[in-house]
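Below: the structure, in structure tokens.
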Number of protein chains: 2
Amino acid sequence: MNKDTGRRATIVDVAKKAGLSKSTVARVLAGSSNISQDAAERVQAAVLATGYERNHLAVGMRSGRSGLLGLVIPDITNPFWAEVARGAQDQAARQGVSLLVFSSDWDADKEAAHLRALCQARVDGAIINPVADNLADLDRFGMPFVLIGSSAERFPDTSSVGSDIVQGVRLGLDVLLAQGHVQPALILGPKSRLARARFLRAVHEHCIERDVDPSILMTEDSDYTVEGGRSAMKRLLQAHQNGQHLAVFCANDLMALGGILAIRDAGLSCPQDVSILGFDGIPSGAFSWPGLTTIEKDGRRIGSTAVTALYAEIAGRAEHERIYVPCRLLERGSLADLSEMATARLVAKG
Amino acid sequence: MNKDTGRRATIVDVAKKAGLSKSTVARVLAGSSNISQDAAERVQAAVLATGYERNHLAVGMRSGRSGLLGLVIPDITNPFWAEVARGAQDQAARQGVSLLVFSSDWDADKEAAHLRALCQARVDGAIINPVADNLADLDRFGMPFVLIGSSAERFPDTSSVGSDIVQGVRLGLDVLLAQGHVQPALILGPKSRLARARFLRAVHEHCIERDVDPSILMTEDSDYTVEGGRSAMKRLLQAHQNGQHLAVFCANDLMALGGILAIRDAGLSCPQDVSILGFDGIPSGAFSWPGLTTIEKDGRRIGSTAVTALYAEIAGRAEHERIYVPCRLLERGSLADLSEMATARLVAKG
DNA sequence: GTGAAAGCGCTAACAC
DNA sequence: GTGTTAGCGCTTTCAC
């Protein structure tokens with residue numbers, strides 16, 4: 001805000017103050033080469049003197065680059081999506097652009113409205129967790145985009161970024177096997193969900209690779225909720241001679257949290273009697289008792305990777321491939337190490 | 001995207017198609033009066049035919065309204081701030097504008113950088129949880145703003161929106177008193193934090209109003225963390241003849257969650273032996289055992305209210321007052337109703 | 001009720 | 001190296 005005129009300083013004010021032309025100032029601001037030391041310094045000084053701040057609306061209008069990116073996720077209030085947003089935000093800041101954030105609530109109409117807003121804001125590109133069945137709207141707007149999350153897998157031949165579920169499942173199974181749980185039980189999502197099949201297939205394939213017969217694993221279907229996990233675990237405990245040394249791999253953290261409650265309900269203790277492994281890495285897993293050991297999706301990295309991929313897309317040098325971001329093991333105490341316990345017993349005897 | 005030309009349709013394309021002038025089209029789009037039925041219809045049709053989408057960059061440039069709002073919060077990953085962001089987002093969508101979201105990590109430098117980005121994007125206004133000690137940057141940019149969160153209280157004479165802590169404390173104390181906990185203990189934050197004094201003062205004032213001598217309340221200092229709350233609760237239990245029928249009001253939910261752990265550590269049970277009341281309403285409180293009863297801050301409403309207040313500010317009809325958003329009681333089972341238990345006992349006897 | 005024309009602040013050719 | 005010039009797509013007088 002210019003003290004003298006009461007309005008914001010423009011590039012013309014800076015040019016006048018510096019005794020140079022608009023274009024020279026613009027060149028300095030854009031960090032172009034072919035600029036004399038003297039000119040650069042005078043512009044610097046004039047910018048400070050006038051309090052000039054670049055008008056991105058004007059820049060965007062002229063150059064066709066708004067310096068804006070769009071992010072459409074189901075719900076910013078969901079901790080996983082908040083992590084994604086944060087990762088995208090940070091990467092955008094590093095690239096010197098800003099992020100418009102929208103929540104779709106898994107509602108195709110809201111999604112369409114948000115895409116329209118992005119188009120009107122002339123974002124340089126968008127990162128979207130798609131809820132609609134087709135990408136007609138996206139094509140219509142003709143803006144570069146990258147899909148994120150598991151729902152993006154429905155669209156091959158598009159750039160997309162998501163968790164590496166297969167690697168996460170392998171990681172989880174290997175941890176269980178290494179700690180002596182040679183026959184882990186599974187609590188799965190409902191049959192109606194695609195994610196269930198994906199999870200189960202990954203388990204089967206890795207079991208075979210590790211010489212475990214997947215058909216002998218006990219499984220319970222549930223519904224991805226705490227209460228669902230609780231009753232699924234109750235059924236497992238009844239079926240498994242009171243559950244001693246049982247280990248259960250749950251397809252998400254909410255069900256795992258319910259599993260911990262069910263173990264306590266049955267008068268058993270986790271992890272002494274029953275071990276639990278979750279999948280997701282929700283923050284609440286840190287506050288259960290015991291803390292929930294889980295396979296954590298790396299939301300932040302998904303977000304930052306998506307921004308990077310989006311820039312490849314904008315530049316037109318995109319590969320249109322799905323990028324899989326690895327999951328991590330988050331150890332918080334709900335797993336008993338049977339091999340260690342066995343060793344301890346031997347040591348005690350000896 | 002125009003099929004014929006390969007570039008986006010502009011108002012000129014629409015005008016051409018409709019056989020009208022730029023200005024008439026602009027008027028229809030702006031919903032102005034003094035438009036013939038015929039013109040309106042022809043424009044409608046031409047918009048559909050060309051796939052025209054309004055260019056907000058150009059609109060903003062000409063009209064001085066970018067249709068963008070800025071939100072600067074400490075961390076979108078923190079569930080409270082995610083709620084605030086969601087509330088702001090929804091209200092912004094209702095007003096037909098979009099939201100740029102930034103996380104400052106309580107870092108004054110990052111905050112300054114984000115404010116600058118907002119200024120350059122020419123946002124119509126900003127909602128900020130201030131971390132810097134002064135608002136010099138904000139004044140410098142001369143953009144309308146509304147402060148949010150407790151740190152905004154440092155700046156009177158500015159429009160701001162935050163939780164009504166006093167009302168929340170009253171609500172909490174009244175619940176405890178109504179359930180027969182006439183002498184609740186307190187677990188507070190560290191002496192260095194302003195929030196501690198605010199909480200304690202609210203407790204004192206309300207106690208006096210309810211004829212409770214605040215000086216007889218046991219208090220423990222802690223640090224707003226789970227482990228801090230756990231050891232503070234341990235000290236309380238030792239001081240209070242093993243803790244039967246103790247009730248503890250914790251200044252935040254993390255310490256309350258720690259308190260629940262300490263009760264179990266001591267071989268006691270919550271809420272049968274010790275009742276716990278938290279403050280904040282973090283989602284993890286739903287997964288402890290028992291669930292944490294708490295005073296919940298209404299982040300979503302703070303966000304939406306802030307957008308509304310910001311529009312008052314932009315319109316220049318702002319009152320420059322702090323708006324207090326009430327807290328709510330969230331009952332999840334960590335409070336025993338002594339009066340009910342007493343009644344039950346009497347009934348059992350009789 | 002509609003059109004013509006000016007201009008918001010900037011960039012990108014194009015001269016010199 | 002620097003200046004001149006012509007717009008980007010829109011709103012907004014000012015005519016008619």
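The basis for the numbers below is simple: all heavy atoms, side chains too, and nothing from hydrogens, waters or symmetry mates. In what follows, every chain begins at residue 1, and chains take the letters A, B, ... in the order their sequences are listed.
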Does the side chain of Asn55(B) get closer than 4.0 angstrom to OP1 or OP2 of dC10(D) through an N or O atom? no

Consider the side chain of Ser36(A), meaning its heavy atoms from C-beta on, and name the nucleotide among dC10(D), dT2(C), dG1(D) that approaches it most closely. dG1(D)

Nucleotide dG9(D), atom P - distance to CD of Gln120(A) in whole Å: 15 Å

Closest of dG3(D), dC10(C), dC10(D) to the Val59(B) side chain is dC10(D)

Taking every heavy atom of Leu69(B) against every heavy atom of Ala92(B), the minimum-distance pair comes out as CD2-CB, 4.5 Å

DNA chain D nearest-nucleotide lookup for Lys22(A) and Ala39(A): closer to the 5′ end is Ala39(A)

Between dG9(C) atom P and His56(B) atom NE2, what is the distance in whole Å? 20 Å

Given Tyr52(B), which of Val43(B), Val14(B), Val25(B) fulfils the side chain to side chain contact (heavy atoms under 4.5 Å, CB included) condition? Val14(B)

Give the rounded distance in Å between these two atoms: CD of Gln37(B) and P of dT2(C). 11 Å

Can you tell which of Leu100(A), Thr77(A), Ile76(A) makes a side chain to side chain contact (heavy atoms under 4.5 Å, CB included) with Gln89(B)? Ile76(A)

Would you say Ser23(A) reaches dT2(D)'s phosphate, i.e. side-chain N/O to OP1/OP2 under 4.0 Å? no

Taking the nucleotide of DNA chain C with the nearest heavy atom to each, does Ser63(B) or Ile35(B) sit closer to the 5' end? Ile35(B)

Can you check whether Arg42(B) has a side-chain N or O nearer than 4.0 Å to OP1 or OP2 of dG1(C)? no

Sub-4.5 Å side-chain heavy-atom contact between Arg322(B) and Val161(B): no

To the side chain of Ala26(A), which of dA13(C), dT11(C), dC10(D) is closest? dT11(C)

In whole Å, what is the span from the NZ atom of Lys16(B) to the P atom of dG9(D)? 11 Å

In whole angstrom, give the distance that lies between atom CD of Glu53(B) and atom P of dC10(D). 11 Å

So, does Ser21(B) get its side chain near the phosphate of dG3(C), meaning an N or O under 4.0 Å from OP1 or OP2? yes

Using whole Å, what does the distance between atom P of nucleotide dC8(C) and atom CG of Asp13(A) come to? 11 Å

For Leu57(A), report the nucleic acid contact type (base, sugar-phosphate, nothing); a contact means any heavy atom under 4.0 Å. nothing

Identify whether the distance between the nearest side-chain nitrogen and carboxylate oxygen of Asp13(B) and Lys17(B) falls below 4.0 Å. no

Validation row: Asn55(B), Met61(B) side chains within 4.5 angstrom (heavy atoms): no

Minimum-distance nucleotide to Arg27(A) side chain [options: dA13(C), dG1(D), dC10(C)]: dA13(C)

Pair of N/O donor and acceptor under 3.5 Å linking dG7(D) base with Arg62(A) side chain: yes

What's the CG-P distance between Asn34(A) and dC16(C), to the nearest Å? 19 Å

Regarding the side chain of Met61(A), the nearest nucleotide among dG1(C), dC14(C), dC8(D) is dC8(D)

In whole Å, I'd like the distance from the CD1 atom of Ile11(B) to the C1' atom of dT11(D). 8 Å

